[in-house]
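This report concerns only the one structure given below.
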Amino acid sequence: MASWPLTADTVLLPIVYGVHGQNGALWLTEVRITNRTDTPKQFSFVDWIGTPGWIPSTYTIAPHSTTSLGGAGIFGTFVPLTGAGAVGLAICDAESDLLVQGAVLSGIWTGGGGGSAGCPSSDGGGLPGVGCAGFAGAGPLIDGLAFSSPGQDVYIPWLHTEEDRRTNLVLINPDDVPAHMTVAVTSQDGSATVTESYALPPRSYSQINDMFKQEPWSTINRGGAAASATITSDTRLLAMAYVISDYNNSLTISLPR
């Protein structure tokens with residue numbers, strides 16, 4: 001099935017910076033905006049759903065160049081690396097012919113930080129004096145995201161039920177009204193489906209962590225590891241899943257279809 005088409009000139013980017021996870025994980029984001037044309041192009045972060053405190057910003061992308069931005073710079077305000085970090089969805093305006101991609105970097109927290117130089121954008125960015133506090137991984141890349149329409153089924157094809165991998169399901173309501181949504185998860189062999197209803201506040205970013213180790217989803221651990229989800233909301237919706245190894249924090253992102 002094809003991905004949902006982007007609305008004109010709108011780009012959606014999941015952003016994390018300095019977010020700590022299980023097994024010493026440190027989550028960061030790099031965004032790259034590439035201009036392959038002969039003229040400068042404008043790119044702007046115009047809205048944000050998630051951690052409070054975000055600041056909008058605009059960049060001019062020079063001809064035949066790539067601008068690299070870390071999650072810290074995208075969020076735009078100070079985020080202590082020893083705290084909860086910043087997480088959210090950036091809503092962006094991009095001039096035509098720009099290529100915009102984000103990478104979620106599954107790093108390893110070292111407890112470091114400090115120093116006169118900031119962390120490079122390729123490692124998630126950071127302010128001078130804060131520095132880097134971990135070893136950043138690489139990828140995977142995200143692009144082509146768009147909100148579904150109210151009442152439209154959103155299919156998440158790649159969930160993982162094995163105990164040595166954790167699946168985190170992300171649900172984002174971008175609208176100014178509460179969202180009432182249904183999540184239906186089906187086992188690999190089709191023999192079992194579990195359904196749960198959720199009510200999300202207006203303009204909210206929600207994540208169900210390690211979902212197959214909690215009710216009601218733990219009952220789906222049958223018929224193979226490859227579960228999938230179908231999600232429907234009475235508002236617009238963006239849903240995706242992160243599948244993470246408990247051994248080395250390597251990451252797969254399951255995008256909506």
Side-chain angles (χ1 to χ4, degrees), residues 6 10-22 24-34 43-59 61 66-94 98-110 112-113 118-127 130-146 168-172 174 205-207 209 238-245 249-256:
L6 280 173
T10 298
V11 176
L12 306 180
L13 292 168
I15 304 295
V16 290
Y17 174 66
V19 175
H20 295 227
Q22 292 179 217
L26 178 66
W27 303 106
L28 310 131
T29 296
E30 181 192 6
V31 172
R32 296 184 186 182
I33 308 116
T34 300
F43 180 84
S44 299
F45 295 94
V46 298
D47 200 1
W48 171 272
I49 300 168
T51 302
W54 165 83
I55 296 175
S57 56
T58 297
Y59 297 85
I61 315 302
T66 296
T67 294
S68 173
L69 302 171
I74 293 166
F75 188 66
T77 55
F78 178 74
V79 179
L81 289 172
T82 55
V87 59
L89 179 76
I91 302 173
C92 315
D93 282 345
L98 286 177
L99 172 63
V100 184
Q101 295 174 298
V104 179
L105 312 176
S106 50
I108 300 173
W109 168 250
T110 65
C119 191
S121 59
S122 57
D123 287 337
L127 299 174
V130 177
C132 298
F135 302 108
L141 300 180
I142 302 176
D143 55 25
L145 292 177
N168 301 338
L169 181 65
V170 174
L171 305 170
I172 299 170
Y205 183 109
S206 301
Q207 182 165 299
N209 291 321
L238 180 63
M240 68 187 73
Y242 297 110
V243 180
I244 309 160
S245 168
N249 293 326
S250 58
L251 173 69
T252 292
I253 301 178
S254 185
L255 298 178

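Every value quoted in this text rests on a predicted model; they were computed, and no experiment measured them.
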Is the closest side-chain heavy-atom distance between [X] and [Y] below 4.5 Å?
X	Y	answer
P140	L251	yes
I244	W27	yes
V100	C92	no

Nearest heavy-atom neighbours spanning [X] and [Y]:
X	Y	answer
L171	A239	CD2-CB, 4.0 Å
G76	I55	O-CD1, 3.5 Å
G70	S121	N-CB, 3.4 Å
A94	F43	CB-CD1, 3.7 Å
F75	P52	CZ-O, 3.3 Å

Open item on the list: Tell me which one of I142, V87, I172 satisfies side-chain contact (heavy atoms from CB on, under 4.5 Å) with P14.
Closed with: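 That would be I142.
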Measuring from atom [atom1] of [X] to atom [atom2] of [Y], what distance do you get when rounded to the nearest 0.5 angstrom?
X	Y	atom1	atom2	answer
L69	I74	CG	CD1	5.0 Å
I253	L145	CD1	CG	9.0 Å
I49	L238	CD1	CG	9.0 Å

Between [X] (side chain only) and [Y] (backbone N and O only), is there a donor and an acceptor less than 3.5 Å apart?
X	Y	value
S106	N249	yes
T34	T66	no
Y205	L89	no

Open item on the list: Under the criterion side-chain contact (heavy atoms from CB on, under 4.5 Å), I'd like the reasoning laid out for D123 against L28: C-alpha separation, chi angles, the key distance, then a yes or no.
Closed with: CA-CA 7 Å; D123 287 337; L28 310 131; 5.8 Å; no
Task: Step-by-step side-chain contact (heavy atoms from CB on, under 4.5 Å) determination, D143 to L141 - done: CA-CA 7 Å; D143 55 25; L141 300 180; 5.7 Å; no
- [ ] Indicate the ring-plane relationship of F45 and Y59, choosing parallel, tilted or perpendicular according to the 30° and 60° boundaries.
- [x]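 Perpendicular, since the angle between the ring planes exceeds 60°.
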TODO: Just do the side-chain contact (heavy atoms from CB on, under 4.5 Å) check on T51 and Y17 with the steps written out, would you?
DONE: CA-CA 11 Å; T51 302; Y17 174 66; over 6 Å; no
Open item on the list: For I15 and V31: C-alpha separation, side-chain torsions, deciding distance, then whether side-chain contact (heavy atoms from CB on, under 4.5 Å) applies.
Closed with: CA-CA 9 Å; I15 304 295; V31 172; 3.9 Å; yes
